[in-house]
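Okay, so here's the structure we're looking at.
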Protein chains: 2
Amino acid sequence: MDILMKSVKLEMNGKLYVKDPESSDLGRKIIEHSILLIDEIGFECFTFKKLGARIHSNESSIYRYFENKHKLLLYLASWYWGWMEYRMVFATNGISDPVKKLKKAIEVLTQNVEEDSSFSHVNEVVLNKLIINEYSKSYLVKEVDQENKDGYFTISKRIVSRISKMIQVVDENYPYPLSLASTILEGTLHQYFLAEHFPKLTNCNEKITPTQFFTDLIFRTLNLKLNG
Amino acid sequence: MDILMKSVKLEMNGKLYVKDPESSDLGRKIIEHSILLIDEIGFECFTFKKLGARIHSNESSIYRYFENKHKLLLYLASWYWGWMEYRMVFATNGISDPVKKLKKAIEVLTQNVEEDSSFSHVNEVVLNKLIINEYSKSYLVKEVDQENKDGYFTISKRIVSRISKMIQVVDENYPYPLSLASTILEGTLHQYFLAEHFPKLTNCNEKITPTQFFTDLIFRTLNLKLNG
DNA sequence: CAAATATAATAGTATTACTATCATACTCTA
DNA sequence: TAGAGTATGATAGTAATACTATTATATTTG
């Protein structure tokens, strides 16, 4: 990961927090350790009290940054997709061949996050694991329509839109570019989850990656040729 | 839905409940109304106390049937997939042409549940909505490996396995039959969710169904011909 | 009719998900 | 450098959740 990344600040929807966690040491500690703690004990068991104990701070202080743990999860998800979008745009920017561009975008989106690039205080490897396990819970709630109106899902929607447009460029007659794009985004998280917990439900493992599966799927579906 | 269905009892993993809810009026009421109540207020807000109030029964009585609401969700999911498997096997049973058989299986699996077939006391239309909104929460938990060992996900795994085998029959060289099958199963729920809450992330709507999208996807991927 | 069983009612506990208040510490400026 | 403003910490308190336990009251069955 380029050193440039360390100085880039992802812009977040201001409604996601009460006080910007990027604006203080405590705020950054909350982000850093909430990722680690949710990964360790799971979102259901995670509480602000436990997080407070872990960072030697106080439950009430954390509430000054986030209304509740649901909003914190939305924030982390937003951060993740912002980071993902940045990497995707960065990686595909110079590519003029539409097929290669789409291939590269899929590659970035479906790749396992292995290296701790440590963009600021966020451990992206652990955040990626967290997103695989918890992302669905951020939108599978009764309040989803209001939260969508409030713009909490803007970034992941933009990623789907970008992929969809790339699909349309390589095949303007394909009738389901949006569904295909959203299937890749959600399906990638699911395939990683299955590889870890339900190996009999996936062909993905240490040797076969979700990138291979989805790249193959897109190329067959759009009738493209690799290295073509 | 055939009248036959009304007399069929789906076999459930006995560890899912403390006392079989099919064995009493109260038990059946718990199933019937938990489906309706979870659909109304969402799984997070759902409690045994609220369910008790609704069926004019007592919180403590419901605990005699289910350890907690998580187990109840696993039970409902298991029931749903059992019902789905039954319909899938029933619908594809007599078909000898492998392509037609696969097509039919995908059709059953991806179809919207519109008619209240009222298999016993379960409202399948509402249960289908519940599964779309809540199913992921049943396995995206820290205890998933133990619960998998306990066999709580046997049925949905068997459905994936069946589809995977059908894929292998029509194309023995396709390298990702399991991943493709699991993508269809999970992706269908996701596409329905998107159609309802994020219409800009899907091409599915009143006119275009997930069945069309996934049938097309499979046929393109496996290079099959419709009506062929 | 007695015994067994199912359900209801009530109470109680630990934890969660907060809100409110007050104390303290640090920081920035007149 | 005093004094104001802001950030954090400590403590307390509330309503709800997620249960467990006990006892009472129906209902079923033998």
Side-chain angles (χ1 to χ4, degrees), chain A residues 14-34 37-38 40-76 121 134 137-138 140-143 146-147, chain B residues 14-34 37-38 40-76 121 134 137-138 140-143 146-147:
Chain A
K15 285 188 189 172
L16 282 170
Y17 47 76
V18 182
K19 179 180 171 177
D20 185 359
E22 291 293 336
S23 71
S24 74
D25 273 354
L26 179 61
R28 285 182 291 268
K29 249 183 162 179
I30 289 171
I31 299 306
E32 182 183 352
H33 287 277
S34 65
L37 188 55
I38 293 172
E40 280 171 33
I41 65 176
F43 188 66
E44 284 75 21
C45 282
F46 172 84
T47 68
F48 281 1
K49 192 164 192 174
K50 288 175 189 170
L51 178 60
R54 180 172 177 133
I55 62 178
H56 306 293
S57 177
N58 201 276
E59 193 187 8
S60 61
S61 301
I62 300 168
Y63 275 103
R64 283 203 197 87
Y65 286 85
F66 291 98
E67 269 178 64
N68 50 50
K69 68 174 179 175
H70 173 68
K71 282 281 174 74
L72 172 58
L73 179 59
L74 288 169
Y75 181 94
L76 296 177
H121 47 287
E134 321 289 359
K137 298 170 193 171
S138 76
L140 292 176
V141 295
K142 278 282 156 186
E143 301 78 20
Q146 183 56 50
E147 295 183 345
Chain B
K15 285 188 187 171
L16 283 170
Y17 48 75
V18 182
K19 179 181 172 175
D20 185 0
E22 291 293 339
S23 70
S24 75
D25 273 355
L26 179 62
R28 284 182 291 269
K29 249 184 164 178
I30 289 171
I31 299 306
E32 182 181 354
H33 288 276
S34 65
L37 188 55
I38 293 173
E40 280 172 33
I41 65 177
F43 188 65
E44 284 74 22
C45 282
F46 172 83
T47 68
F48 281 0
K49 192 164 193 173
K50 288 175 189 170
L51 177 60
R54 178 168 179 137
I55 62 177
H56 307 294
S57 178
N58 202 276
E59 194 188 9
S60 61
S61 301
I62 299 168
Y63 276 103
R64 280 204 202 83
Y65 285 85
F66 291 99
E67 267 178 66
N68 50 50
K69 69 173 178 173
H70 173 67
K71 283 281 175 74
L72 172 58
L73 179 59
L74 287 170
Y75 180 94
L76 296 177
H121 47 289
E134 320 290 0
K137 299 170 193 170
S138 76
L140 292 175
V141 294
K142 278 282 157 187
E143 301 77 19
Q146 183 57 51
E147 294 182 346

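Values in this document were obtained by computation on a predicted structure and should not be read as measured data. Atoms considered below: every heavy atom in the structure, side chains included; atoms not considered: hydrogens, waters and symmetry mates.
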Starting at the 5' end of nucleotides 5-13 of chain D, put B wherever the base has a protein heavy atom under 4.0 Å, S where only the sugar-phosphate does, and a dash everywhere else. --SBBBB--
Do the side chains of Lys137(A) and Glu134(A) get close enough for a salt bridge, i.e. N-O under 4.0 angstrom?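 Between Glu134(A) and Lys137(A) there is a salt bridge, with a charged N closer than 4.0 Å to a carboxylate O.
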Once salt bridge (Lys or Arg N to Asp or Glu O under 4.0 Å) is applied, what residue pairs with a partner in residues 46-58 of chain A remain, sequence neighbours excluded?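 Sorted pair list: Glu40(A)-Arg54(A).
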Is there a side-chain contact between Ser60(A) and Phe48(A) (heavy atoms, below 4.5 Å)?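 Ser60(A) does not reach Phe48(A) side chain to side chain.
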Would you say the side chain of Leu76(A) lies within less than 4.5 Å of the side chain of Ile38(A), judging by non-hydrogen atoms? yes
What integer distance in Å separates [X]:[atom1] from [N]:[atom2]?
| X | N | atom1 | atom2 | result |
| --- | --- | --- | --- | --- |
| Lys49(A) | dA14(C) | NZ | C1' | 11 Å |
| Lys71(B) | dC19(D) | NZ | C1' | 14 Å |
| Tyr63(B) | dA8(C) | OH | C1' | 16 Å |
| Lys69(B) | dC19(D) | NZ | C1' | 13 Å |
| Glu67(B) | dT20(D) | CD | C1' | 13 Å |
| Ile62(B) | dA18(D) | CD1 | P | 13 Å |
| His70(A) | dC18(C) | NE2 | P | 11 Å |
| Leu72(B) | dC19(D) | CG | P | 12 Å |

Shortest non-hydrogen contact between Val18(B) and Phe66(B), atoms and distance: CG2-C, 4.1 Å
Side-chain N or O of Lys50(A) less than 4.0 angstrom from OP1 or OP2 on dT16(C)? yes
Counting the atoms with a prime plus P, OP1 and OP2 as sugar-phosphate, which does Phe48(B) contact under 4.0 Å by heavy atoms, base, sugar-phosphate, or nothing?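 Nothing, no heavy atom under 4.0 Å.
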So Glu44(B), base contact, sugar-phosphate only, or nothing? Heavy-atom distance under 4.0 Å.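 Since no nucleic acid heavy atom lies under 4.0 Å of Glu44(B), the category is nothing.
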Expected output: side-chain Ser61(A) to main-chain Ser57(A) donor-acceptor under 3.5 Å: no
N/O donor-acceptor pairs under 3.5 Å from side chains in residues 68-75 of chain A, not counting sequence neighbours:
unit_1: Asn68(A); atom_1: OD1; unit_2: His70(A); atom_2: N; d: 3.2
unit_1: Asn68(A); atom_1: OD1; unit_2: Lys71(A); atom_2: N; d: 2.9
unit_1: Lys69(A); atom_1: NZ; unit_2: Phe43(A); atom_2: O; d: 2.7
unit_1: Lys69(A); atom_1: NZ; unit_2: Glu44(A); atom_2: O; d: 3.1
unit_1: Lys69(A); atom_1: NZ; unit_2: Phe46(A); atom_2: O; d: 3.0
unit_1: His70(A); atom_1: NE2; unit_2: Glu147(A); atom_2: OE1; d: 3.0
unit_1: His70(A); atom_1: NE2; unit_2: Glu147(A); atom_2: OE2; d: 3.0
unit_1: Lys71(A); atom_1: NZ; unit_2: Glu67(A); atom_2: OE2; d: 2.8

Any idea which of dA17(C), dA18(D), dC18(C) is nearest the Thr47(B) side chain? dA18(D)
